[in-house]
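Heads up: the structure comes next, in structure tokens.
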Amino acid sequence: MASKGAGMSFSHKSYRLTSDTEKSRVTGIVPEKLLNDYLSRIFSPDRASTVATSRTPLNFQNLPEHLDQLLQVDNEDEESEGQVEGRLGPSTVVLDHTGGFEGLLLVDDDLLGVIGHSNFGTIRSTTCVYKGKWVYEVLISSQGLMQIGWCTINCRFNQEEGVGDTHNSYAYDGNRVRKWNVTTTNYGKAWAAGDIVSCLIDLDDGTLSFSLNGVSLGTAFEDLSRGPGMAYFPAISLSFKESVAFNFGSLAGYRPLQDPPRADLARAQKLLGCFRAVLRVELDAVEGRLVDKESSEWQLQGQPTVLLTLAHIFHRFAPLLRKVYLVEAVLMSFLLGAVEAGTPTQAQSVVRQVLDLLWLFMEDYEVHDCLKQLMMSLLRLYRFSPIVPDLSLQIHYLRLTIAILRHEKSRKFLLSNVLFDVLRSAVFFYIKSPLRVEEAGLQELIPTTWWPHSGREGKDGKEAKDETAEQRQRRRAYERGCQRLKKRIEVVEELQVQILKLLLNNKDNGGEASRYIFLTKFRKFLQENASGRGNMPMLCPPEYMVCFLHRLISALRYYWDEYKDSNPHASFSGEAYIPPQIFYNGKVDYFDLQRLGGLLSHLRKTLKDDLASKANILIDPLELQAATMDDLDEDEEPAPAAAQRPTQALAIGGALPLPRPGWLSSPTLGRANRFLSTAAVSLMTPRRPLSTSEKVKVRTLSAEQRTREDIEGSHWNEGLLLGRPPEEPEQPLTENSLLEVLDGAVMMYNLSVHQQLGKMVGVSDDVSEYAMALRDTEDKLRRCPKRRKDILAELTKSQKVFSEKLDHLSRRLAWVHATVYSQEKMLDIYWLLRVCLRTIEHGDRTGSLFAFMPEFYLSVAINSYSALKNYFGPVHSMEELPGYEETLTRLAAILAKHFADTRIVGTDIRDSLMQALASYVCYPHSLRAVERIPEEQRIAMVRSLLAPYEQRPWAQTNWILVRLWRGCGFGYRYTRLPHLLKTKPEDANLPSLQKPCPSTLLQQHMADLLRQDPDVAPSFLNSVLNQLNWAFSEFVGMIQEIQQAAERLERNFVDSRQLKVCATCFDLSVSLLRVLEMTITLVPEIFLDWSQPTSEMLLRRLAQLLNQVLNRVTAERNLFDRVVTLRLPGLESVDHYPILVAVTGILVRLLVHGPASGTDRATSVLLADPCFQLRSICYLLGQPEPPAPGTALPAPDQKRFSLQSYTDYISVEELAQVEQMLTHLTSASAQAAAASLPTSEEDLCPICYAHPISAVFQPCGHKSCKACINQHLMNNKDCFFCKATIVSVEDWEKAANSSATSSAA
């Protein structure tokens, strides 16, 4: 009996059989009858008839001929794959990615899927039609702006005009529900993600139509241009991030652009039947019989008969399994059937056997193509499958993916070549949101809908107290439905986590473990999604990134805790952080991401001594110079140039010349990335323990060049943890590879996850808005008279629309809460926040090396806290999280310390820290956290806040100080300004709309610093007065321009940006005045104790600015009044109340609350200022003129501004203090007027002409008043008049007496 069929041509893989006849019988060569029965069972479609009628028994010699007959197909099927009349182009229709497109587009590897990556990109297919009826289909992946249809080759498109915007191009737009052919009209229905659009063209009748999900939308266009030269291509135009997949299939009555390969499909189906028969039959050579078995129980036992049988099958099957259509129609269907029919264990057994046989009987390149097409088909099916109530489709696709990835050899190939390189495997971790709740079965799953009637503001539990019994019942029914939905989604999420656990497996039997392949690809994935310089990033959609992050955290924590179980000295995942040495030892590539201390090249130059002393890391001068030159070079360096570089010494303590590795100048990394690849440091692995005095030279390794030893380390090599600072523990936290995965997870959150979390809150906001609209409509229905049936009908109609919309939104909100804002997702983000806090704390301990930390760690700490506080409520509260108070305090300590940290140089991150601290002190719970940090840190924070405002972002600093005071100032207990109470705020959760929560503890620290340090108070207050002068002057100038524009007869529009800047300057003026009020209240002696050298000058400057503000705001029918009356959008905050009560608070503190001596000084300075007008003080109480001495204050005019009108904001005691101040100033003004003597013009200060000359400059002898010269000398030492340097300033009387004495002598 022959062991090999005659004429068979097998591949180079040999299936060796023993030549010993006796051994052959024992090991599997079977008798002729048994072989005939076995082959007949396998290769005969009708086994019974074949066995009965066959005269020639089947064996391996005649099996090829039998297979040829079995695989014969009709001639029609063979001919159908050729050229067809009416169509021009290749038989395999794909998208023309070489020349038939406009704009930036991302085309899938199979040339059937496309994603828009520019404003409005256009692409067409490779095949056109000119006669007959034709159809193609498009699977909609996103519901955004797209125009799908047909065009001719002469159509010219750009990024503004696409398909349908030119002659001879026709399109359907389901986003705007219109059809396009130069002009546009209404047509069709709105599409949604998951819909299928069929584009039908009839060139016999000259008509064009579309179908949506198999339902015709009617004829869209008629009288199409036909004739010589007129042929139509399938084409699409789509905007940024919109995506579709093409299918050139068929519809009844229309011919598909691409016919299915019917002949190959028929052969593949028959060969699959033979293969399945092999899996169902076991050959029992001992007993000489065939045994039927389940496919999942079949085992390949090395029997030659079975091996040869499979070899014959795969000899013909292998070429067919390289074709996309056949892989999806035949192999995919078979594997999915196994998954759906059996248990996970049975399905895994079948898939493993199939993959083993593929790798055994097919060439490597054939298996690679087959697996690639198989995984791409799986991804496409998962991505575009509709959402069904039990999510069964997604579950089956994920179970098959898991079964494939459990096969080690297949998993490694897919990781290395497919999952990240072609498919962007993040798609497998995404659960898309249904845009049509009825199709997802949410109506059955959540039959009762409910929505919070108080919107997102109802976090304090008031709503639960006010709800009726019916509302409570609906809410509980809705919550039960949400729980049912959540449980179904959790099944899918668990399968997705299993996929990542397989990819992170590091216990593979042979070769490189999957985890290290994953790390390489994952780092490349992060690089592509980071904002690079010069290269267009291949962006992963943010909604995919969110799901990917959560699954990655679950898998990461699983392996982290698993390692802890076997290594007691390691830490639990709850204590995870990134050791600081990873940021400076060059083992992890951070691309061109900014470090806290600036550019990496600059840090390595300036901190090389610190690296050597603290981390035992040396920077090679030659390598550093080479890296710097590479960074400056804009062009790619040719390969020969790298070889010509000087050699360098890399050995420890020796001078071993080694050539520079060629990979350090890899041209594939690009200029933006090259600096990190051309490392300023190079690696040398020691073979003995290092003493503390020995230094290690290290180099940055690209992700592709690293080995397992470079990551995990070896006996004397710490891998990623090389360069451990003395502050870090010697025991490792976990496996080094998991540290890099954690670092990547933090980077993922920074790239797009936080942005997407904020975006999804929009669904909750929509529910709040519609709930408010429904509530208003119901109120109107109750108040509407029954006789107005027309109004009642309209209101009832509106009520029905709002209710239906809320039903839809509440079910969609349940989906969003289950997939994005669930308690488990909140814990993931909270865990990431705590990771960042620990990482920052450990990095801070390294001193100057803290500058190497990437900026995104601080950004993620800030943003993740913001997300937990603002995005997950009111369903889940951050206060319920474990360790909430401690976490809040640790974040407060970081913000307080680093907002003014000199090691942080980036403007953006410094601004983010300042804004985060400003927001932090607006909420009582976070402000209390600031008060809980150590006293030394609190004092240091306040000292930084009191630094001079020049040369730093002072507006945010001033805002922080104001929030510490708000609630203590004069009339400063409001949340919203009185005149804005009738308007609805855009977001009640804004920091500026929070209730006052002053901090007396931090106020006391401020007072102590201003008292104890003689240099702090003058510099701080002088800068505050300077900024107040600038802000109010800018505000006055802008309202003058606004008033002039409003008075012009022609129609004028004031720039909205100008209005915003104007309002900002006003708000800054008010906040600066409040800071001055706080300072005077806490430390009045700074202004009133003239024994201090700067007190008099500061008081005079303050009085001058207060008088200017009062005069501008209180003048009769002045500019301020006219602009306030206009009530322009953008100037809502500009009003009399906020600025006048701030000024009043300062005056009351100076003139009423101060000591008698201080009050007298303040009164004299205020009255001596030439801008002082008593009428401005009277304006505060609604009086046009000062009252006569000894008379009572008249009642205020209701049409005028008066503090007495704001009894809800200003207490009776405060009003009494204002009246007392007015009485005091009226009396003092009268006395000053009676006692004043006329002064000659020659004795007045030549600068201000308001005060008499009282000082003379030395040595030039020029004169002025003391106020002018003291203010001038704070910023300039040159004389006003002659520009000579002023050495000293003497009293004018003393100078005059000295002159008289010298003359007498």
Side-chain angles (χ1 to χ4, degrees), residues 73-101 110-112 114 122-139 147-157 163-164 166-172 179-181 196-211 214 216-237 244-266 323-325 329:
V73 295
D74 297 337
N75 292 333
E76 293 183 4
D77 290 339
E78 294 281 4
E79 294 174 358
S80 67
E81 299 181 17
Q83 191 60 261
V84 180
E85 184 181 6
R87 180 179 66 186
L88 295 175
S91 58
T92 301
V93 186
V94 293
L95 297 176
D96 186 359
H97 68 294
T98 59
F101 67 93
D110 58 4
L111 302 182
L112 293 175
V114 61
T122 300
I123 192 169
R124 64 172 184 258
S125 73
T126 55
T127 299
C128 61
V129 293
Y130 59 91
K131 66 180 295 186
K133 298 179 179 181
W134 303 91
V135 66
Y136 73 93
E137 295 177 340
V138 177
L139 191 57
Q147 293 174 198
I148 303 172
W150 303 80
C151 72
T152 65
I153 198 170
N154 294 322
C155 294
R156 295 292 177 263
F157 306 112
V163 180
T166 63
H167 290 287
N168 296 325
S169 70
Y170 307 87
Y172 161 49
K179 61 180 181 180
W180 298 80
N181 175 235
I196 296 177
V197 176
S198 301
C199 306
L200 305 94
I201 189 169
D202 185 346
L203 291 171
D204 296 333
D205 294 338
T207 60
L208 196 152
S209 59
F210 298 91
S211 296
S216 176
L217 300 177
T219 301
F221 302 99
E222 298 177 339
D223 300 326
L224 302 184
S225 298
R226 291 168 288 172
M230 295 301 297
Y232 291 88
F233 291 83
I236 184 174
S237 299
V244 299
F246 281 77
N247 173 34
F248 298 100
S250 75
L251 198 68
Y254 285 78
R255 178 126 193 199
L257 282 177
Q258 177 177 321
D259 290 319
R262 294 188 180 90
D264 285 343
L265 180 59
K323 299 181 179 181
V324 181
Y325 192 98

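The structure presented is a predicted model; accordingly, all values stated were derived computationally and were not measured. We number each residue from 1, following the sequence as shown. Keep in mind that the numbers below use all heavy atoms, side chains included, and drop hydrogens, waters and symmetry copies.
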Tyr170: partners by ring pair (Phe, Tyr, Trp, His ring centres under 6.0 Å), with sequence neighbours left out: Phe221

Rounded distance [0.5 Å steps], CG in Asn168 versus SG in Cys151: 9.5 Å

Heavy-atom pair of closest approach, residues Arg156 and Thr166: O-CG2, 3.5 Å

Distance-only polar pair, side chains of Asp96 and Thr98, donor-acceptor under 3.5 Å: yes

Distance in Å, Leu95 CG paired with Arg124 CZ, rounded so as to fall on 0.5 Å steps: 11.5 Å

Point-to-point distance, once rounded to the nearest 0.5 Å, from OH of Tyr172 to NZ of Lys179: 12.5 Å

Heavy-atom side-chain proximity of Ile123 to Ile236 below 4.5 angstrom: yes

From Ser125 atom OG to Leu111 atom CG, the distance as rounded to the nearest 0.5 Å: 11.5 Å

Partners meeting side-chain hydrogen bond (donor to acceptor under 3.5 Å, both in side chains) with Thr127 (sequence neighbours left out): none

Pairwise distance CG(Leu203) to NZ(Lys133) - rounded to 0.5 angstrom: 11.0 Å

Set of residues satisfying side-chain hydrogen bond (donor to acceptor under 3.5 Å, both in side chains) with respect to Thr92, sequence neighbours excluded: none

Whether Trp150 and Tyr136 hold their rings parallel, tilted or perpendicular, with breakpoints at 30° and 60°: perpendicular

Residue pair Leu112 / Phe248: nearest heavy atoms and the distance that separates them: CD2-CE1, 3.8 Å

Trp134 and Cys128, any side-chain heavy atoms less than 4.5 Å apart: no

Flag, side chain of Asn247 to backbone of Val138, donor-acceptor distance under 3.5 Å: no

For Tyr130 against Met230, the heavy-atom pair lying closest together: CB-O, 3.6 Å

Value rounded to 0.5 Å, distance of CG in Asp223 from OG1 in Thr207: 9.5 Å

Residue pair Phe210 / Cys199, side-chain heavy-atom distance below 4.5 Å: yes

